[in-house]
Amino acid sequence: MRLLLMSDTHLPRRAKRLPEPLLAELPHADVVFHAGDWVDTATLDLLESRSRRLVAVYGNNDGPELRARLPEVARADLGGLRFGVVHETGPAAGREARCAARFPDLDVLVFGHSHIPWDSTAPTGLRLLNPGSPTDRRRRPHCTYLTATLADATLTDVTLHRLPQR
């Protein structure tokens, strides 16, 4: 199963549209994750129409229309792993312990908010993934998103994709 992870798209403020390399990944993804801060409903409509399955949440910059359509926390059982998606996890210091305590029933937590890619594992085994942002690099050299493969209840080939500078 091929996974595509993104967050913090902030359209149309940070970009007019999603980058072409990211859009090109959509037909290949079995599941698309979005960890909030969409800003516009058009991006949600686009991902709902082009994704086989979308697991998504709203973020702190998302207004009432998006909050009416999306949860604060989303969960999905996929290929033998329990996934969760949330926008904010708080400061980097102590993140693993904090998230493991808040989400003891998950194997993988996808999150956003910082725009800074993150891949770590809590002592409990909870894997934390932040794909960064495909439209707002904020203190990073590149805009980013993640892909991964899920097979036999194992997450492999977790790859951070750096987008060309605009």
Side-chain angles (χ1 to χ4, degrees), residues 1-11 14-15 17-39 43-44 46-48 50-62 70-71 73-90 92 95-96 98-100 103 106-122 125-166:
M1 184 179 303
R2 178 110 166 127
L3 309 178
L4 172 60
L5 296 78
M6 69 183 86
S7 186
D8 297 282
T9 47
H10 291 273
L11 295 177
R14 300 294 183 196
R17 59 184 304 223
L18 293 175
E20 284 303 323
L22 177 64
L23 291 171
E25 291 279 357
L26 286 173
H28 306 291
D30 297 296
V31 182
V32 175
F33 293 87
H34 192 299
D37 272 5
W38 306 73
V39 181
T43 305
L44 174 57
L46 174 87
L47 290 185
E48 283 180 333
R50 291 196 189 177
S51 302
R52 291 181 201 153
R53 180 170 182 186
L54 177 64
V55 182
V57 298
Y58 67 78
N60 62 298
N61 283 298
D62 295 327
L70 296 165
V73 177
R75 296 170 186 271
D77 291 337
L78 302 168
L81 291 181
R82 299 161 301 173
F83 285 80
V85 185
V86 66
H87 184 63
E88 294 188 57
T89 60
R95 178 174 285 144
E96 287 84 3
R98 196 171 46 254
C99 290
F103 301 104
L106 296 181
D107 299 304
V108 180
L109 179 65
V110 179
F111 68 99
H113 188 60
S114 69
H115 299 213
I116 298 171
W118 186 279
D119 183 353
S120 67
T121 304
L126 174 66
R127 180 100 177 247
L128 291 96
L129 296 173
N130 184 329
S133 169
T135 58
D136 184 9
R137 62 187 177 89
R138 197 188 279 179
R139 301 187 311 271
R140 306 299 300 173
H142 299 278
C143 292
T144 58
Y145 66 93
L146 285 170
T147 57
T149 302
L150 175 57
D152 300 320
T154 304
L155 196 61
T156 61
D157 303 322
V158 177
T159 304
L160 181 68
H161 298 268
R162 292 172 176 87
L163 292 160
Q165 293 193 9
R166 298 180 269 137

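We count residues from 1, following the sequence as given.
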Search all heavy atoms of [X] against all heavy atoms of [Y] and return the closest pair with its distance.
X	Y	value
Leu160	Pro131	CD1-O, 4.1 Å
Ser120	Glu96	OG-OE2, 2.6 Å
Gly112	Ala35	N-CB, 3.7 Å
Leu128	Phe111	CB-CE2, 3.9 Å
Leu155	Val108	CD2-CG2, 4.1 Å
Thr144	Leu163	N-CD1, 4.3 Å

Between [atom1] on residue [X] and [atom2] on residue [Y], distance to nearest 0.5 Å:
X	Y	atom1	atom2	value
Leu22	His161	CG	NE2	9.5 Å
Leu47	Leu26	CG	CG	6.0 Å
Leu18	Glu20	CG	CD	9.0 Å
His28	Leu3	NE2	CG	14.5 Å
Leu4	Tyr145	CG	OH	7.0 Å
Thr147	Met6	OG1	CE	11.0 Å

Go through it in stages, so that I can follow the logic: the residues are Thr89 and Arg95, the test is side chain to side chain donor-acceptor pair (under 3.5 Å), and I'd like the CA-CA distance, side-chain angles, deciding distance and then a yes or no. CA-CA 7 Å; Thr89 60; Arg95 178 174 285 144; 2.8 Å; yes

Decide side chain to side chain donor-acceptor pair (under 3.5 Å) for Asn130 and Ser114; before the verdict, give the C-alpha distance in whole Å, the side-chain angles of both, and the deciding distance to 0.1 Å. CA-CA 8 Å; Asn130 184 329; Ser114 69; 3.2 Å; yes

With ring centroids as reference points, do His10 and His115 lie under 6.0 angstrom apart? yes

Test side chain to side chain contact (heavy atoms under 4.5 Å, CB included) on Thr9 and Val39 and set out the steps. CA-CA 8 Å; Thr9 47; Val39 181; over 6 Å; no

Could you tell me if the side chain of [Y] sits less than 4.5 Å from the side chain of [X], heavy atoms only?
X	Y	value
Leu109	Val86	yes
Leu150	Phe83	yes
Pro117	Arg140	yes
Thr135	Arg17	no
Leu129	Leu5	yes

Residues [X] and [Y] bridged, charged N to O under 4.0 Å:
X	Y	answer
Arg52	Asp30	yes
Asp77	Arg82	no
Asp119	Arg127	yes

More than 12 heavy atoms of other residues, nucleotides or ligands under 6.0 Å from CZ of Arg2: yes or no? yes

Under a 3.5 Å cutoff, is there a donor and acceptor pairing between the side chains of Asn60 and His113? yes

Side chain to side chain contact (heavy atoms under 4.5 Å, CB included), that's the test. Do His34 and Leu70 meet it? Break it down for me. CA-CA 11 Å; His34 192 299; Leu70 296 165; over 6 Å; no

Tell me, with the steps shown, if Phe33 and Leu54 meet side chain to side chain contact (heavy atoms under 4.5 Å, CB included). CA-CA 6 Å; Phe33 293 87; Leu54 177 64; over 6 Å; no

Checking Asp37 against His87 for the side chain to side chain contact (heavy atoms under 4.5 Å, CB included) test, could you report, in this order, the C-alpha distance in whole Å, the side-chain angles of both residues, the deciding distance, and whether it holds? CA-CA 8 Å; Asp37 272 5; His87 184 63; 3.2 Å; yes

side-chain hydrogen bond (donor to acceptor under 3.5 Å, both in side chains) against Ser7, all qualifying residues, sequence neighbours excluded: none

Please check if the side chain of Asp62 supplies one atom and the backbone of Gly59 the other of a donor-acceptor pair under 3.5 Å. yes

